[in-house]
Amino acid sequence: MRKFFIAGNWKMNLLRDSSVALVHQLMDQLQNTSSVDVAVCPPSVYLHDVGAALRGSPIQLGAQNVHHATEGAYTGEISCAMLNDLGCRYVILGHSERRAIFGETDVDVNVKLHAVLKAGLTPIVCVGETLQQREAGETQQVVRGQCTHSLSGLTNEQMAKTVLAYEPVWAIGTGKTATPAQAEEVHADIRKLLATTFSGSVANAVVIQYGGSVKADNAMELLGQPNIDGALVGGASLKSDSFLAIVQAAAKIKK
Ligand code: 13P
């Protein structure tokens with residue numbers, strides 16, 4: 001059975017003191033939520049401090065990006081081994097901001113994905129359509145294409161360990177959320193695609209998060225959908241109250 005997974009993507013926000021203060025608040029206030037996996041993904045320069053603050057806590061550490069090579073002349077980049085060294089469990093790959101601002105393609109995501117799985121880290125692969133694509137009726141085709149190319153060459157076992165995040169670009173940081181029905185439709189279609197590309201049991205095992213303006217007041221409805229297994233939270237993950245309210249919403253729903 002799939003377990004709810006709520007992750008905070010802090011993006012390029014918070015400085016060291018506020019990052020550490022936030023995780024202390026999260027640890028203090030996180031109640032018994034063993035039915036929910038929780039992670040925070042701070043900027044890479046604070047992975048060490050946040051990881052140290054999280055030691056002994058059930059909250060896991062994640063990175064927002066990684067380079068595919070094991071080591072070498074890649075100025076400014078960070079390897080999977082470095083993330084492992086810092087105690088990371090998760091890595092976000094192919095976030096729409098990386099795709100749109102830094103030109104990452106499905107092929108780049110796929111190369112990173114193979115490196116991440118080989119290193120024993122858990123990838124969170126993001127997909128999602130733009131407003132223009134949705135309005136043109138291309139959502140299914142775009143999301144299926146991103147999944148097919150980003151996930152190419154994975155074994156069934158690797159796919160089952162990979163987390164997906166459906167994040168419609170038009171819902172990110174805009175306050176506009178996909179309706180539960182809109183999100184569920186895409187999540188169900190991704191699972192259908194996984195069943196054909198991999199297998200029914202793999203499709204059933206893969207955790208698919210929703211992301212895009214998830215807040216305390218819409219989390220319950222979104223997470224209540226059968227194929228939505230968690231949330232990748234941006235803005236609302238920067239404050240302990242709003243992030244924990246989303247975790248609590250997941251904890252209240254029986255999968
Ligand atoms: P917001 O929750 O701020 O819309 O961001 C979503 C997101 O991009 C998470 O990766």
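Each ligand, and each atom within it, is numbered from 1 in the order the structure gives.
Contact between Asn204 and Arg2 at its shortest, heavy atoms only, is O-NH1, 2.7 Å.
The aromatic rings of Tyr166 and His187 sit perpendicular to each other, their planes meeting at more than 60°, with 30° as the lower class boundary.
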(Q) As a quick check of understanding, evaluate salt bridge (charged side-chain N to carboxylate O under 4.0 Å, His left out) for Lys161 and Glu157, giving each step before the final call. (A) CA-CA 7 Å; Lys161 285 186 200 151; Glu157 198 190 334; 3.8 Å; yes
Would you mind listing each N/O atom of ligand 1 next to any protein N/O under 3.5 Å, plus the distance?
{"residue": "ligand 1", "atom": "2 (O)", "partner": "Ser213", "partner atom": "N", "Å": "3.4"}
{"residue": "ligand 1", "atom": "2 (O)", "partner": "Gly234", "partner atom": "N", "Å": "2.9"}
{"residue": "ligand 1", "atom": "3 (O)", "partner": "Gly235", "partner atom": "N", "Å": "2.8"}
{"residue": "ligand 1", "atom": "4 (O)", "partner": "Gly173", "partner atom": "N", "Å": "2.6"}
{"residue": "ligand 1", "atom": "4 (O)", "partner": "Ser213", "partner atom": "N", "Å": "2.7"}
{"residue": "ligand 1", "atom": "5 (O)", "partner": "Lys11", "partner atom": "NZ", "Å": "3.3"}
{"residue": "ligand 1", "atom": "8 (O)", "partner": "Lys11", "partner atom": "NZ", "Å": "2.8"}
{"residue": "ligand 1", "atom": "8 (O)", "partner": "His95", "partner atom": "NE2", "Å": "2.7"}
{"residue": "ligand 1", "atom": "10 (O)", "partner": "Asn9", "partner atom": "ND2", "Å": "3.0"}
{"residue": "ligand 1", "atom": "10 (O)", "partner": "His95", "partner atom": "NE2", "Å": "2.9"}
{"residue": "ligand 1", "atom": "10 (O)", "partner": "Glu167", "partner atom": "OE1", "Å": "3.2"}
{"residue": "ligand 1", "atom": "10 (O)", "partner": "Glu167", "partner atom": "OE2", "Å": "2.9"}

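Checked by atom type and distance alone, the side chain of Glu135 never pairs as donor or acceptor with a backbone atom of Gln132 at under 3.5 Å.
The structure places OG1 of Thr197 at 9.0 Å from CE of Met159, a figure rounded to the nearest 0.5 Å.
Among residues two or more places apart in sequence or in another chain, the side-chain contact (heavy atoms from CB on, under 4.5 Å) test is passed with Asp85 by none.
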